[in-house]
Asks: 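First the structure, then my questions, so here it is.
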Amino acid sequence: MPLKIKVEPMFYTSDEVAEVLCITKQTLYNKIHENERLKKNHPIPPFIKSGGKTLFPIKLFNEWVSQQLQSAKCL
């Protein structure tokens with residue numbers, strides 16, 4: 001009988017990130033594109049591109065959200 005190992009997810013999808021940030025997936029892609037191509041400075045979570053997909057490491061995303069919340073407390 002083969003051993004079954006449960007692998008915890010390491011990445012959020014762009015759909016999941018957009019939902020958490022209460023924006024559309026297209027808005028998320030627009031901000032990424034503007035930061036990369038137009039040298040804008042939108043606050044966006046860390047991401048990688050793999051196989052045509054944009055993936056957001058869960059640990060880094062959660063740290064980024066915490067940093068955004070800390071910055072908001074200063075207002």
Asks: Kindly work out whether a path of hydrophobic side-chain contacts (I/L/V/M/F/W/Y, heavy atoms less than 4.5 Å apart) joins Phe47 to Leu21.
Replies: yes
Asks: Look at atom CD of Gln68 and say whether more than 12 heavy atoms of other residues, nucleotides or ligands are closer to it than 6.0 Å.
Replies: yes
Asks: Taking a hydrophobic cluster as the set of Ile, Leu, Val, Met, Phe, Trp and Tyr residues connected by side-chain heavy atoms closer than 4.5 Å, whether directly or through intermediates, do Leu69 and Leu60 fall within one such cluster?
Replies: no
Asks: Is there a side-chain contact between Ile58 and Pro9 (heavy atoms, below 4.5 Å)?
Replies: yes
Asks: Angle between ring planes, Phe61 versus Phe56, binned at 30° and 60°: parallel, tilted or perpendicular?
Replies: perpendicular
Asks: Taking all heavy atoms of Pro57 and all of Pro46, pick out the closest pair and write down the distance.
Replies: CD-O, 3.6 Å
Asks: For Thr13 and Glu16, indicate whether the former's side chain and the latter's backbone hold a donor-acceptor pair under 3.5 Å.
Replies: yes
Asks: Rounded to the nearest 0.5 Å, what separates atom CD in Glu36 from atom NZ in Lys39?
Replies: 8.5 Å
Asks: With clusters defined by side-chain heavy atoms of hydrophobic residues (ILVMFWY) lying less than 4.5 Å apart, directly or transitively, does Val65 cluster with Met10?
Replies: no
Asks: For residues 25-33, which side-chain donor-acceptor pairs fall under 3.5 Å, sequence neighbours excluded?
Replies:
{"unit_1": "Lys25", "atom_1": "NZ", "unit_2": "Asp15", "atom_2": "OD1", "d": "3.4"}
{"unit_1": "Gln26", "atom_1": "NE2", "unit_2": "Asn30", "atom_2": "OD1", "d": "2.9"}
{"unit_1": "Thr27", "atom_1": "OG1", "unit_2": "Thr24", "atom_2": "OG1", "d": "2.9"}
{"unit_1": "Tyr29", "atom_1": "OH", "unit_2": "Ser14", "atom_2": "OG", "d": "2.8"}
{"unit_1": "Asn30", "atom_1": "ND2", "unit_2": "Gln26", "atom_2": "O", "d": "3.4"}

Asks: Under a 4.5 Å side-chain heavy-atom rule over Ile, Leu, Val, Met, Phe, Trp and Tyr, are Trp64 and Tyr12 clustered together?
Replies: yes
